[in-house]
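Note that ligands are numbered from 1 as they come in the structure, with each ligand's atoms numbered from 1 the same way.
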Amino acid sequence: MARTRIGDRVKRTEDRRLVSGRGRYVDDIAMTGVARLVAVRSPVAHADIRSIDITAAAAAPGVLAVLTGADYGADGLGDLPCISLSDDYAGPDWCRTPFPALAADRVRCVGDAVAVVVAETLDHARDAAECVEVDYDPLPAVVSIAAAMDPGAPQLWPGTERNLCFEAEFGDADKTAAAFAAAAHVTEIDLTNGRVAANSMEPRGCIGSYDAGEGRYTLTTSTQNPHWVRNILAQSVFAVPDNRIHVKAGDVGGGFGMKGMPYPEDILVLWAARRIGRAVKWIGERGESLLSDFPGRDHVCAGRLALDADGGILGLEVTTTLNLGCRLSPEGAIPAIVFGRMATGVYDVPAAHVRMRGVFTNTQSTTPYRGAGRPEAIYLIERFLDKAAREIGRDAISIRRRNFIRPAQMPYATALVDTYDIGEFEAIMDKTLELGDWDGFEGRRADSAARGLLRGRGMSSYIEVASIFNDRMEIRFDPSGNATVLAGTFSHGQGHETAFPQMVSDWLGLPIEDVAFLQGDTDRVSHGGGTFGSRSITVGGSALRQAADEIIEKGRRIAAHLLETEAEDIDFDDGLYTVRGANRSLTLAEAAAAAYAPMGLPVELGVGLEAVGYFAADRPNFPNGCHVVEVEIDPETGGVRIDRFVAVDDVGTVVNPLLADGQIHGGIAQGVGQALTERVVYDDDGQLLSGSFMDYTMPRADDLPSFHTAFRPVPTKSNPLGVKGAGETGSVGAPPALVQAIADALAPLGVEEIEMPATPSRIWQAIRDARRTS
Ligand code: MCN
C-alpha cells in the first residue's frame, strides 16, 4: 500500500484479522492440559460466613483443587490496592477496605467470590461448585445511597459513619456562598445518574500458569493495562519482583474502563496454577460478568445554580455522592474526583464549590466507565442550564451564549481545578445548530403532531478532560528495513494498530504496511501506562513522535557515514536522506539495514536502529463539542425514536477521521444506552435483578439513527501534535442532549423532568401522571 499521512481516513488494518475470525481473544488460546476454574459466589448481599464445607466438592469427579478465603490468607496473598484516592484531597481518614480475591469471613455483595473449584473440565468444575456448602449468617443490607447514608443504617465497614468512605471538595465555599447571596435567581436540581454495566463484547477472562523451575508466573488476561496488572499483582498480591510475573494481553474485545485494573480472577488463576502445577483458565459468562464486572456511574447529585438578573451564572454549588459498592476497587474513587473537576462545564462560572463523597453499599464495587465522572458532571450542568432557562424565560441557546467561556478568556482557570488552554465553544454550538437545522424544528414538530407524535429537541455543550500520566513508545527497525512500534499504551478496540503505524508512515516516509505494531506483552514491551482517560493518541502519539525524530537523527548519522559527508549536510524527506546540493541519497530502510550489518559502521553509531520516545501529560487537554438531538415520542406507548443526532467535536488535530468518528459513534451509542435503556437494578435486599440481557437492556442498532458527525478542530498546544482525546466524548455529550429532547417533547403535556433511563414505561407513566394532575 502506501505512505499514509496524519488526517487520512485509513481503514483499520486490524479488521482484516478481526472480522475474519483470526483475532486472539483469551478464550481462543488453545492449550493442552489447561484446568478450568469456577468461582463459588455469594447468593446473599451481606452475611457472615459461618463455615464452608468443601468435602463433597473436593471428592467430586475431575476436581483438582477447592480453595477458600482461609487458604488465601494462609498462603499469604495480598489485597487488591486502591490506587485512586489520595490524602491530598480526601484527607488522611478515608476508609481503606481490604480487597482479597476471596472473601474469608464476611460477604458484602451478591457475587462476592468465597471459593473456587479447579477441575479437569468446565463441566466438572461447575458440578463440583454446586457441592460447596457455605453457611451464611445474613446481615441487613443497604443498597441505595440514601439507605446507606441513613443515620441508623448498618455499616459495611468498621469505623465509618453513614457508610461514608471519603469526602473531598474543590472550589471556594465562601466565595460561592457570597455569589448565592447576590443572586437574582437560584435554580435547584436533584438528580440521579444511574449505574450502568460496561458489557464488553469479550467478557473478562484469564489464563494463569506457573513455572516452578523459574519461579515465574504467566498471566494471559483481557485487560486495558498489562503493565499495571503485572506491577500490582507482583507488588501487592504475590510479593515477588515484577520480573517474576509475565502478563500478556492479545486482542481485547472492549473494556470501556471496566478492564482498567486487575480483578480477583487474575489472582485466582495464577494462585490456583501454582497450587496444582498446571495452567488454569477462567472465562466469565455474560451473567457472571453482569454480577462480577465492576459497573460504572451511580451518582446522586444535588445542587444550586446562582444567576444574575440577565441569566449570567454567578455560582455553582453541588454535592455528588458516588456509590462505591461494597469496597474500594482499585480505581473506584476516580469518577467522583473527575466529576469535581468538570462540574462547571464550558461556562464562565466565577464561583463554585463541589463536594464529592463516596459511600459503601452492599452492591458490586464500581469503577470508571467511559467518561468516568465527566458524563455525570456534564449531565448535571447541562440540566442546570436547561432548567434555569425555563425558569427565567430564556431558551436553551441564549442562556448558553450568555455564559460560554469565550476564546479571548483562554487560558481560563475554572473555579475548581483545571485551566482550559483553548476552546471555541460558541462557534462549535453554532456549527452544530446549523447542521442539525435547529431553526427548522417547528415545521418538523408540526409534521410529527399530524402523525400523533410528540417531537422534542435538545442540545448539550460539553467539555471533558483527557490524557494523564507519562508513557513511552519505541520504534525498532529490523535488518530488512521494516519498523515495529512497541507501544506502552494498549488498544482494546480503539484502532491503535492502524493509528500509530499511520503516524510513523507519515513521519518516516515508510509505506504503512512496513510498520508493524506490538503491544500488551510485559516481556517484550518494557513499560507502559495502558489505555484509559483518552490518553493514547496524546501521550502515546507524542512519545512516538519523539521516537520517530530520534530515528531520523540516528539514520542521518548513518547516512552521513555511508554517503561520506557530515550529518549537517544531509536532508531527510519522504523516507530519503539526500546530500544537500548533490544527487547522492540513501533510504531510511537502507540506513537501517546498514545499522544491522555485522561490519562496516563505526561502533559509535551503535548496532541496530531503534529509538525510545517519552511524553508526560503534565497538562491535560480538553476535548469539547456540541450535540443536537431530535426525538419523536409516541404518547400511547412512551416509545422514543431518535430522529436526528448531530455531533460536532473538537478533538484537536484529527489523526484518522475514520477512527475518531468510530470512537464518537461508539460513545454516543453508550450515552444513548444510558439515557434510554440501561440500568443496573438491585432489589432492597441487594439481589441483582438485571442479571441477564433479558433484564439489562443494551441499546440495539435500530434504537440508533444514522449519526451526523463533524469535526471542528482547535488544536491544543499542550502536546506537540495538537491532538486532544476522542475516546470518551460521545458518552459525555449524548445523555443531556437526549434527555432534554425528551423533556422538550413532553413539556406541552406538563412533564418537566424525566430521569434516566427514560424507558417507554417511565415516559408513559410521566404522561399519565401529568394528564391526571392537569
Ligand atoms: N483519534 C484521532 N484523532 C484524535 C483523537 C483520537 O484520530 N485527535 C483516534 C485515534 O486514532 C485512536 C482513537 O481515536 O485510535 C482513540 O484515541 P484516544 O482519544 O487517544 O483514546 P484512547 O485510545 O486512549 O482510548 C481510550 C478511550 C477510553 S478512555 C475508553 S473508556 C474507551 C474508548 O477509548 N473504551 C473503548 N474507546 C473504546 N473503543 C472501543 N472499541 N472499546 C473500548 O473499550
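The shortest contact between atom 7 (O) of ligand 1 and any protein heavy atom is with Asn656 N, 2.8 Å. Closest protein heavy atom to atom 5 (C) of ligand 1: Lys724 O, 3.2 Å. Of the protein's heavy atoms, Ile537 CD1, 3.6 Å lies nearest to atom 10 (C) of ligand 1. What sits closest to atom 6 (C) of ligand 1 on the protein, heavy atoms only, is Ala726 CB, 3.5 Å. Closest to atom 16 (C) of ligand 1 among all protein heavy atoms lies Gln663 CG, 3.9 Å. With respect to atom 22 (P) of ligand 1, the closest heavy atom belonging to the protein is Ser536 OG, 3.5 Å. In terms of protein heavy atoms, atom 21 (O) of ligand 1 is closest to Ser534 CA, 3.5 Å. Looking at atom 42 (N) of ligand 1, its nearest protein heavy atom turns out to be Phe256 CE2, 3.4 Å.
Ligand-side atoms of ligand 1 in range of Gly725: 19 (O), range being under 4.0 angstrom from any heavy atom. Shown in contact with Glu728 at under 4.0 Å from a heavy atom are these atoms of ligand 1, numbered in order with element: 28 (C), 29 (S). Against a heavy-atom cut-off of under 4.0 Å, Leu659 is close to the following atoms of ligand 1: 11 (O), 15 (O). Applying the 4.0 Å criterion to heavy atoms of Thr653 picks out, from ligand 1, the atoms 3 (N), 4 (C), 8 (N). Each of the following atoms of ligand 1 lies closer than 4.0 Å to a heavy atom of Ala660: 2 (C), 7 (O). Of all the atoms in ligand 1, the ones that sit under 4.0 Å from a non-hydrogen atom of Gly254 are 42 (N), 44 (O). Close approach to Gly255 involves these atoms of ligand 1, each under 4.0 Å from a residue heavy atom: 43 (C), 44 (O).
No hydrogens or angles considered: nothing links the side chains of Asn624 and Glu424 as a donor-acceptor pair under 3.5 Å. Side-chain atoms of Thr221 and Asp266 include a donor-acceptor pair closer than 3.5 Å. Between Tyr614 and Gln546, the side chains place no donor N or O within less than 3.5 Å of an acceptor N or O (distance only, hydrogens not considered). Using modelled atom types, one finds a donor on one side chain and an acceptor on the other under 3.5 Å when comparing Tyr462 with Asp649. For the residue pair His299 / Thr320, a side-chain donor-acceptor distance below 3.5 Å is found, with atom types taken as modelled. Thr716 and Asp421 are linked by a side-chain donor-acceptor pair at a separation below 3.5 angstrom, with hydrogens and angles left out of the test. Looking only at atom types and distance, the side chain of Thr13 has a donor-acceptor partner in the side chain of Thr498 under 3.5 Å away.
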For this session: Apply side-chain hydrogen bond (donor to acceptor under 3.5 Å, both in side chains) to Ser505 and Arg5, showing your working.
Result: CA-CA 7 Å; Ser505 169; Arg5 304 278 188 176; over 6 Å; no

Problem set entry | ring pair (Phe, Tyr, Trp, His ring centres under 6.0 Å) between Tyr89 and Phe166, intermediate numbers included | CA-CA 10 Å; Tyr89 42 78; Phe166 71 88; 8.0 Å; no

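Residue-ligand proximity: Gly257 is placed with a non-hydrogen atom under 4.0 Å from ligand 1. Ligand 1 lies nowhere less than 4.0 angstrom from a heavy atom belonging to Gly652.
For the pair Arg341 and Phe339, the cation-pi test (distance below 6.0 Å, angle within 45°) is failed. Remark: Arg327 is positioned above the aromatic ring of Phe99, its terminal NZ or CZ atom under 6.0 angstrom from the ring centre and at most 45 degrees off the axis.
Between His496 and ligand 1, at least one pair of N/O atoms sits closer than 3.5 Å. Between Gly493 and ligand 1, at least one N/O pair is under 3.5 Å apart. Residue Gly533 has no N or O atom closer than 3.5 Å to an N or O atom of ligand 1.
Residue contacts with ligand 1, taken as heavy atom pairs separated by less than 4.0 Å, do not involve Gln224 at all. Of all the heavy atoms of Phe532, the ones lying under 4.0 Å from any atom of ligand 1 belong exclusively to the backbone. Contacts of Val655 with ligand 1, taken as heavy-atom pairs under 4.0 Å, involve both backbone and side chain. Residue Gln494 touches ligand 1 through backbone and side chain together, judged by heavy-atom distances below 4.0 Å.
Closest approach of Gln224 and Gly260 over heavy atoms only: OE1-N, 3.7 Å.
Note: Trp228 and Phe469 meet the aromatic proximity criterion, with ring centroids under 6.0 Å apart.
Separating the CG atom in Leu704 from the CZ atom in Phe645 is a distance of 9.5 Å, to the nearest 0.5 Å.
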